[in-house]
*Asks:* 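Dropping the structure in here first, questions after.
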Amino acid sequence: MIRAGSLIDGSSGSPRKNQLILVRGNRIEKVTEGSAQIPAGAVLIDLSAATVLPGLIDSHTHIFLWGEDPAKGGYDDNILKAGIALRAARATFACRRALEQGFTTIRDLETEGAGYGDIEIKQAIAEGTIPGPRIFGATRAISTTGGYNLEGYAPELDMPKGAQLVDGPVEARKAARQQLEHGADWIKVYMTHRSWVDKQGNLVSQPTLTLEELKAVVDETHGWGKRVACHAYNGIGLQRALDGACDSIEHGLEITDAQIAQMQRQGTWYCPTISPYYGDWAPADTPGGRRDRARAAVHEASFKKALNAHLKIVFGTDIGGMPWTEPIAQEFQRMVGLGMAPMDAIQAATSRAAEMLDMMGEIGVVAPGAFADIVAVSGDPLKDIGILEHVRFVMHDGAVFKNEITK
Ligand SMILES: [Zn+2]
């Protein structure tokens, strides 16, 4: 039994004061007014000085990335020098980090060369071997020849790749089948790869899969009752992602008005992952530096357009691309800073994400029947969204994982 001073339940438009949440096993049984009778034998956790929320959901993570410093070999070193056991140990750390920050569910959008490791980590969590969030894993992800790292090595070397590369609709469908067979909850497709700034100062992104290739992936995946996430920055690749009827656009740095309208029509989810595009810019007078600044500028405009059009926006960070030691909840400040209402930002990380994950009513909400994934902060996140970087109580699947409020 939890007494909540204030409850933001994840789906209602406003908080409710003084609520009692009855948890039985790993589910929430009842949510009542605080004056209700406490059942005999119930253990009371008194969070009456705190704001209670549903466990948070990060819809774009990489537990198998380590925020590699480019100066120390960057992305390539992770694949070339870290063995699979080291990578699994780091993924275990990442899962603990997510949970202790109140993220009780993650959609992990590919393992970057670590095969089906996400599904194995998920098994280890489910059997209670290690602590961690609920994982919706995408396994290996799909791109094309010339469409993913490792690259830039001598052509006679056969380098490992961070994604499964396909050419042609037959290979594309086969990759989706292989990944689904081995437990993928989502299929992740890279629809753009390199990006640069052209002579006119516009951001340009290299497209990868053809429409025909993507349609084969989407058709196969939807047949299994699963969904497709498309990494797409802008331009041709983003257009193909939408024409191919993908379910979510990842990053979506530069979305035209017509593409916004198409997303509205098709009900496409938008996972903007704003934070990673604001740090680590290359110097202003270099091609990389121009690209980094152009990306942030168009991204901001796209996010505002998406807000105005009431697109279905979910909270996602791309953490792993940034080090796991950084606060995951920093993305809330980015979203609110660009004009999103704090309650909408919270719902993007709770009930809206649950809807995208086809888990409505089960996660992302404090309501009868939902899994008992419950967190709390000291203070009011609607007044100061930054408070969500300091989650002080975490219950996951009915068990208290962290409690700094009532000792
Ligand atoms: Zn990512």
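Being a predicted model, the structure only gives us computed values, none of them experimental. Indexing begins at 1, ligand by ligand and atom by atom, following the structure's order.
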*Asks:* Is Glu362 salt-bridged to Arg27, going by a charged N under 4.0 Å from an acidic O?
*Replies:*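 Arg27 and Glu362: salt-bridged.
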
*Asks:* Could you tell me whether Asp77 and Lys81 make a salt bridge, using a distance below 4.0 angstrom between a side-chain N and a carboxylate O?
*Replies:* yes

*Asks:* Taking both backbone and side-chain atoms into account, decide whether His251 has an N/O/S atom under 2.8 Å from the Zn ion (ligand 1).
*Replies:*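 Under 2.8 Å: His251 has no N, O or S contact with the Zn ion (ligand 1).
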
*Asks:* Could you confirm whether Asp318 has any N/O/S atom lying under 2.8 Å from the Zn ion (ligand 1)?
*Replies:*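 True for Asp318.
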
*Asks:* Considering only N, O or S atoms, which atom of His62 is nearest to the Zn ion (ligand 1)?
*Replies:*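 Of the nitrogen, oxygen and sulfur atoms in His62, the Zn ion (ligand 1) lies nearest to NE2.
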
*Asks:* Is the Tyr277 to His299 ring centre distance short of 6.0 Å?
*Replies:*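 Here the rings of His299 and Tyr277 have centres that are less than 6.0 Å from each other.
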
*Asks:* Answer with yes or no after comparing the ring centroid distance for Phe93 and Trp66 against a 6.0 Å cut-off, counting only values under it.
*Replies:* yes

*Asks:* N/O/S atom of His60 under 2.8 Å from the Zn ion (ligand 1), yes or no?
*Replies:* yes

